[in-house]
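Counting convention: from 1, in listed order, for ligands and their atoms alike.
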Amino acid sequence: MSTPSTPGYVGRFAPSPTGPLHGGSLVAALASYLDARAHDGTWLIRIEDIDEGRSVPGAAEEILDLLQRLGMTSDRDVVWQSRRKHLYAAAYDRLAGHVYPCGCNRREIADSRLGFAPDGAAIYPGTCRHGLTPGRSPRSLRLRVPDAGEDVITFHDRMAGTVTQRLASESGDFVLKRADGYWAYQLAVVVDDAEQGVTEVVRGADLLDSTPRQIFLQRLLGVPTPRYLHVPVVRNAAGEKLSKQTGALAVRPGDEAGAVAALRDAAGFLRLDVPPAGSLAEFWRLAVTAWKASVAL
Ligand code: GLU
């Protein structure tokens, strides 16, 4: 473990180990790492394996090994969400007055035709808000969002600028504990960012629309809101976000030159003008300079 050189800035990369690291996740890793280094800050890796059904055995180790070969290592011990469930349970207890059991299944929520939040979550019509329908048993636990008028969350994103979302109509009450018994991503990420003292979240723009829900949770829990920077997401020729499901290829550099080439590709996607580098050390030096020149710190 190395010691952070500047107190204050704490950033993180938080991969879900659903498969090996691909070009899209490398862009997010690179951006968060460069921003931390450009601020002389601390950079952390957190393995987001809270959805144990989707986590692939061995994938986290593979991701950590690849990041290390690319020159990116966590400044503190890597944390694993699957080993921190007590923290999510404790936060959930503090939210008890805002939570209710929900007996609806996916089909019923989709049938309500309120549509989907931009991140794909179905907008919940509030069916179980005032109690479960008789004969129904609870499936998930949902957090009540404020009614229209008091539900507006506005924040500043370092790339997107001012972002505003109306939680009541654009998200609806959202799940904190899922029907399969796992804590929801939204809760885990807020608890972890707060517990780890994260001050800067740099991640893919596919999570921009989740951010207002996370800010709402931060306010309920009385924890600070970090600064946000959402970087563009890599898409394939069909316009789909790169992921294991869309057939993204794993990043597997054979040697140092291959590692530099993979990093330069990712930097190019972020429109960073990094000159050719003969070694990883040189790449990182040049890339931090390019990041400082192109991104408002
Ligand atoms: N685990 C999420 C992912 O791999 C990222 C979560 C975050 O950065 O907040 O897409």
Checklist entry - Is there any salt bridge (Lys or Arg N to Asp or Glu O under 4.0 Å) pair reaching into residues 11-27, and which pairs are they, with sequence neighbours excluded? => result Arg12-Asp193
Item to check | Of all pairs that satisfy salt bridge (Lys or Arg N to Asp or Glu O under 4.0 Å), the ones with a partner from residues 80-90, not counting sequence neighbours | outcome: Glu52-Lys85, Arg84-Asp192, Arg84-Glu195
Next on the checklist: Give me the residue, atom name and distance of the protein heavy atom closest to atom 5 (C) of ligand 1.
Outcome noted: Ala14 O, 3.3 Å
Checklist entry - How far is atom 6 (C) of ligand 1 from its nearest protein heavy atom, and which residue and atom is that? => result Glu48 OE1, 3.2 Å
Next on the checklist: With respect to Ser16, determine whether any N or O atom, backbone or side chain, lies less than 3.5 Å from an N or O atom of ligand 1.
Outcome noted: yes
Item to check | Ring centroid separation Tyr228 to Phe155 under 6.0 Å | outcome: yes
Checklist entry - Is there a donor-acceptor contact under 3.5 Å from the side chain of His22 to the main chain of Gly24? => result yes
Checklist entry - Taking the side chain from Ser55 and the backbone from Asp51, do they hold a donor-acceptor pair closer than 3.5 Å? => result yes
Checklist entry - Which one holds for Leu207 and ligand 1: side chain close, backbone close, both close, or neither close, with close meaning a heavy atom under 4.0 Å? => result side chain
Checklist outcome for this item: Note: Tyr185, heavy atoms under 4.0 Å from ligand 1, region reported as side chain
What are the atoms of ligand 1, with element, lying closer than 4.0 Å to any heavy atom of [X]?
X	result
Val189	9 (O)
Arg203	7 (C), 8 (O), 9 (O)
Arg12	7 (C), 8 (O), 9 (O)

Item to check | Separation between SG of Cys102 and CZ of Arg142, rounded to the nearest 0.5 Å | outcome: 4.0 Å
Checklist entry - Testing Trp291, Trp284, Phe13 for ring-ring contact (aromatic ring centres under 6.0 Å, His included) with Tyr33, which one passes? => result Trp284
Next on the checklist: Any atom of ligand 1 sitting under 4.0 Å from a heavy atom of Gln214?
Outcome noted: no
